[in-house]
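To keep things clear, I will list the structure first and then write my remarks on it.
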Amino acid sequence: MSQGSGMRRVRANALGSLIDVDFLTHLDPKSEPVEIKWLNTVQRVNTRPFTAMYLIDNKNAGNDVFTDIDSLCEMISLALVTSAGELSVAAASTSDNIAKDIADGVMDIARKKAWAAGFGVSEIVYDAASLRRIYACKAAQQLLAHLTNGGCDDPSNIANAWIDNERIRENQGKDDVIDFFMRPAPKYLLEEVDQASPKGDVQQYLSGAAKEPAAELDNKLAELKARIGASLTDLINKQLNRPCGVYLTEHILHAVQKQVALCDNEMEQEIKEKEELLVRQKAGLGSTIKELEECTGFFKRGQRKELAAQVCDEAVQQATTERELQRRRYARMFYRWLTTEVGDRFDLINKIISNLRTLQTQYTDTIATVAQNIGRGSFFQEDLATAEVNSVDCTPDEVAVTNFINKLGATGGVQAFATMPLQQIDDFVRAYVYDLPKAKAYAAANIDDVLAALSPEALEGVCKRAIRKAMPLFPYHYHGFDAQRRAQPSDYYYVGVNDHKHSILRTADYFKELIPGRSNVAFASTGAKDRVIIYHQVGVVPLFCLSAVDGYRTEYDQIGENKEHTSHWDAQMCRRMQRERYGILPKDEVDRKEAMEMWLTALMFGIMDFDPAKDCYTIRSRALGGAAMRGFRVEAGHSRKEAFDFFMDNIDALKPELARELSDLNRPGPDNPAVRVPEQVKASATDGSYYSAFSRCPIAVEHLESYPDDFELINKEIEYIIDNF
């Protein structure tokens with residue numbers, strides 16, 4: 001219970017409510033009805049409204065204290081479900097016996113009704129679901145590690161083999177790409193030129209033979225891109241969907257990227273060299289053409305022929321260089337495109353890796369959270385999984401990653417993890433790992449098997465702790481009235497097991513041995529494979545026995561002094577309790593002989609009398625709240641037995657008043673009533689006139705034996721007069 005000003009009335013209200021309940025419990029059909037006002041209705045109650053009531057304290061007899069209401073709510077809800085559910089059949093016959101004991105009053109003490117009962121409940125559970133979840137998360141981590149770790153193949157070998165198979169290498173002595181676009185040699189050779197005017201022939205030759213049409217090369221580039229793009233996609237899909245696939249694909253792309261960069265760099269360097277060569281070639285060809293043009297005259301015919309041949313040769317060389325440049329430039333266009341394509345594929349792989357690593361982190365967090373919470377669900381649970389939580393393990397070979405990849409086929413394979421929502425990836429992974437054999441084994445675990453596998457020492461420790469946790473939140477003691485008990489409170493254990501015929505707790509009588517002196521242990525089959533339920537019921541005892549009542553009294557009295565009745569349900573009922581001097585504590589034991597003498601004194605002097613108008617016995621008493629207008633008379637009961645019980649209940653208040661009345665009557669002289677009346681009563685008891693002269697009983701003598709209680713009491717009165725007056 002929380003502390004503070006907002007809670008200062010709780011204890012007082014609790015005790016006031018308990019007193020109200022206790023008062024109602026002592027009603028019987030002959031009692032004056034109690035009017036209970038609720039909203040706009042008034043209910044008249046003159047019978048005991050219930051047989052027993054469960055009370056719940058915040059501590060048990062073992063001094064385990066619960067300061068959090070959540071703990072009590074857990075225990076209460078578990079007890080309600082248990083007692084009304086699985087164990088209700090086992091508890092039914094016992095409840096009948098307890099109800100009979102309550103009706104017979106064998107557990108009442110000093111005429112205080114026993115009605116307060118307590119219960120406790122605990123569970124021995126095997127949280128296989130949490131162990132399975134831990135295993136599944138570890139299996140998921142192994143699964144993702146298979147995909148993201150290496151060790152299966154050499155990614156460089158795979159990348160280079162792909163480059164060679166697709167014939168796109170431009171290093172290591174290969175000219176795959178430039179040869180794809182065109183051969184280096186011109187389409188035809190320049191064999192002769194006009195010696196007088198060679199420049200036109202050379203220009204025409206270079207324009208037609210040195211280069212391929214751009215449209216044709218563009219088509220070839222598009223063809224190469226389409227083929228390599230499709231092949232790269234096939235390569236990635238194939239490599240992703242195999243063990244180590246994500247790791248392999250990432251590093252294959254790195255290797256491809258590196259080789260493309262090397263090839264492109266080689267092309268760049270060769271273009272630079274060819275461009276420098278072309279400058280020299282153009283200068284040389286121009287010089288040779290000029291020299292040929294200047295070589296004139298009859299005697300220089302031979303020289304002109306040689307220069308013409310040199311012009312043709314140099315033009316072919318320049319055309320070849322220009323073709324080399326053209327095909328390398330297209331190779332570079334291809335490699336720049338391929339670099340972009342590989343980069344796009346990296347985005348795909350990086351997204352997959354990011355998603356898988358995020359999940360791996362989540363699984364790590366889940367494992368830690370689940371492991372921490374095992375055994376911490378409730379004070380009232382004894383979780384056998386606690387001992388196993390740190391031994392849950394999953395080896396790499398248990399996850400069969402190829403099977404997982406095959407199951408992904410319908411979703412598009414591992415590559416779909418790049419665009420799939422994280423939750424959906426998690427769903428696929430969990431669906432697979434929860435179906436693994438070891439995960440299924442956890443799901444199928446039976447607590448009977450787990451208990452049977454424990455050592456005798458471990459099993460004893462588990463049961464002892466569970467029995468302690470099931471102690472009722474109902475501490476009580478008898479305040480020295482133990483000797484007045486006619487019967488011990490009922491104390492029963494109901495143990496719900498999966499199958500009571502085969503549970504080790506029952507077959508070996510193991511559980512009973514841990515409860516010394518307790519034979520009231522009933523087992524029932526619940527069919528629950530994950531838990532043993534222990535329901536402990538105790539009661540009934542009178543309210544005054546409850547330990548909590550003593551602690552509430554101080555605050556109850558303090559509030560009552562300032563605001564009378566405010567701790568009770570109904571002020572009118574509270575006033576009646578005060579008028580009847582009702583209290584939850586038993587009255588001091590009355591000496592029967594002294595009580596009978598006082599009872600007879602009240603009768604012989606008319607202090608106790610029968611009022612025909614009210615059809616009840618009345619007694620004159622200010623102490624009991626008698627009003628002056630009614631001669632200070634208060635009602636004592638409709639039957640003589642009720643009046644006598646009322647007299648006994650209030651004898652502590654009546655005794656001083658009777659003593660004063662008798663003292664007032666004791667007037668010295670021959671007509672002293674204190675002497676004369678007892679003598680007359682003694683004579684009436686002897687001659688048989690007591691009943692008619694002094695008994696004040698309204699029942700006709702011929703009908704008296706029809707009222708056995710009254711008949712017995714009057715006989716005892718006459719015997720006492722004869723023996724003691």
Side-chain angles (χ1 to χ4, degrees), residues 159-194 198-235 256-257 259-286 289 311-345:
N160 283 304
W162 178 75
I163 291 172
D164 291 336
N165 291 338
E166 295 299 329
R167 300 186 304 282
I168 54 173
R169 186 179 293 284
E170 284 297 331
N171 62 355
Q172 301 176 1
K174 299 287 185 69
D175 292 323
D176 294 336
V177 178
I178 59 176
D179 285 347
F180 170 77
F181 285 107
M182 68 176 97
R183 57 189 179 86
K187 294 178 182 179
Y188 56 90
L189 300 178
L190 180 63
E191 295 179 349
E192 61 181 356
V193 293
D194 183 351
K199 188 177 294 185
D201 291 339
V202 170
Q203 188 62 43
Q204 182 179 3
Y205 174 74
L206 290 175
S207 299
K211 296 181 180 178
E212 298 289 340
E216 183 178 330
L217 293 178
D218 288 342
N219 289 337
K220 282 196 169 187
L221 178 60
E223 176 190 340
L224 183 60
K225 286 180 179 179
R227 178 172 67 82
I228 297 305
S231 178
L232 182 61
T233 298
D234 290 342
L235 173 68
V256 169
Q257 189 180 53
Q259 291 300 317
V260 168
L262 290 173
C263 293
D264 187 51
N265 289 339
E266 188 165 313
M267 291 297 95
E268 183 181 21
Q269 183 62 33
E270 288 180 359
I271 286 173
K272 183 178 180 181
E273 292 171 357
K274 298 296 182 186
E275 286 176 340
E276 292 173 354
L277 174 61
L278 183 61
V279 171
R280 292 194 301 271
Q281 286 177 334
K282 285 182 177 181
L285 178 58
I289 289 174
V311 166
C312 288
D313 183 56
E314 288 181 0
V316 170
Q317 291 179 19
Q318 182 177 328
T320 300
T321 300
E322 288 185 2
R323 289 179 67 87
E324 290 283 14
L325 281 170
Q326 188 181 26
R327 65 180 190 158
R328 280 169 172 78
R329 288 186 179 119
Y330 267 89
R332 287 208 71 193
M333 291 169 64
F334 165 71
Y335 283 130
R336 285 195 292 271
W337 168 83
L338 184 54
T339 299
T340 301
E341 284 293 299
V342 171
D344 291 343
R345 299 309 199 280

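Every heavy atom of this structure was used, including side-chain atoms; hydrogens, water molecules and symmetry mates were not. Worth saying up front: this structure is predicted, and the values here are computed from it rather than measured.
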Salt bridge (charged side-chain N to carboxylate O under 4.0 Å, His left out) involving Arg227 - partner list, sequence neighbours excluded | Glu166
Mark yes when over 12 heavy atoms from residues, nucleotides or ligands other than Glu191 sit less than 6.0 Å from its CD; otherwise mark no.
-> no
Distance col, row Leu217:CG vs Arg329:CZ, nearest 0.5 angstrom, shows 12.0 Å
Looking only at non-hydrogen atoms, find the nearest pair between Ile163 and Val256 and report the distance.
-> CD1-CA, 4.3 Å
Main-chain N/O of Ala185 paired to Arg323 side chain as donor or acceptor, under 3.5 Å = yes
Report the residue from Asp176, Asp175, Asn160 that forms a side chain to side chain donor-acceptor pair (under 3.5 Å) with Arg169.
-> Asn160
Pick out which of Ile271, Val279, Leu277, Leu278 makes a side chain to side chain contact (heavy atoms under 4.5 Å, CB included) with Glu275.
-> Ile271
Lys199, NZ: over 12 other non-hydrogen atoms inside 6.0 angstrom = no
Where do Asp194 and Asp201 come nearest, in terms of heavy atoms and distance?
-> N-OD2, 2.7 Å
Considering residues, nucleotides and ligands other than Lys225, do more than 12 of their heavy atoms fall under 6.0 Å from its NZ?
-> yes
For the pair Arg328 and Glu324, evaluate salt bridge (Lys or Arg N to Asp or Glu O under 4.0 Å) and give the outcome as yes or no after the intermediate values.
-> CA-CA 6 Å; Arg328 280 169 172 78; Glu324 290 283 14; 2.2 Å; yes
Salt bridge (charged side-chain N to carboxylate O under 4.0 Å, His left out) involving Glu192 - partner list, sequence neighbours excluded | none
Side chains of Gln318 and Glu314, donor plus acceptor under 3.5 Å | no
For Phe334, what residues pass the ring pair (Phe, Tyr, Trp, His ring centres under 6.0 Å) criterion, not counting sequence neighbours?
-> Trp337
Could you give the distance from CE (Met182) to NZ (Lys211), rounded to the nearest 0.5 Å?
-> 9.5 Å
When the ring planes of Phe181 and Tyr330 are compared, do they come out parallel, tilted or perpendicular, using 30° and 60° as the limits?
-> tilted
Minimum-distance pair of heavy atoms, taken over all atoms of Pro186 and Tyr205 | CB-OH, 3.5 Å
Identify the two heavy atoms, one from Val193 and one from Leu190, that lie closest to each other, and give their separation to 0.1 Å.
-> CG1-CD2, 3.9 Å
Trace of the salt bridge (Lys or Arg N to Asp or Glu O under 4.0 Å) decision for Asp264 with Arg336 = CA-CA 8 Å; Asp264 187 51; Arg336 285 195 292 271; 5.1 Å; no
Using 4.0 Å as the upper bound for N to carboxylate O, is an ion pair formed by Asp179 and Arg327?
-> yes
Taking atom CZ of Arg345 and atom CG of Leu232, what is their separation to the nearest 0.5 Å?
-> 4.5 Å
Closest heavy-atom pair, Val342 versus Gln257, reported as atoms and distance to 0.1 Å, is CG1-CB, 4.0 Å
Does the side chain to side chain contact (heavy atoms under 4.5 Å, CB included) test come out yes or no for Lys220 and Phe180, once each step is laid out?
-> CA-CA 8 Å; Lys220 282 196 169 187; Phe180 170 77; 3.9 Å; yes
Tell me yes or no: between the side chains of Glu223 and Asn219, is some donor less than 3.5 Å from an acceptor?
-> no
More than 12 heavy atoms of other residues, nucleotides or ligands under 6.0 Å from CD of Gln204: is that the case?
-> no
Straight-line distance of Thr321 OG1 to Glu276 CD, nearest 0.5 Å = 12.5 Å
Taking only Lys NZ, Arg NE, NH1 and NH2, and the carboxylate oxygens of Asp or Glu, determine whether Glu268 and Lys272 approach each other closer than 4.0 Å.
-> no
Can you name the closest pair of heavy atoms from Glu170 and Val177 and give their distance?
-> OE2-N, 2.6 Å
Any donor-acceptor pair under 3.5 Å linking the side chain of Glu341 with the backbone of Gly229?
-> no
Nearest-0.5 Å distance that lies between atom CD in Gln317 and atom CZ in Arg280 | 11.5 Å
Start with the C-alpha distance between Glu322 and Lys282, add both sets of side-chain angles, then the distance that settles side chain to side chain contact (heavy atoms under 4.5 Å, CB included), and finish with yes or no.
-> CA-CA 11 Å; Glu322 288 185 2; Lys282 285 182 177 181; 3.9 Å; yes
Gln259 side chain near Gln172 side chain, heavy-atom distance below 4.5 Å | yes
Could you tell me the separation between the CG atom of Leu338 and the CD1 atom of Ile228, rounded to the nearest 0.5 Å?
-> 7.5 Å
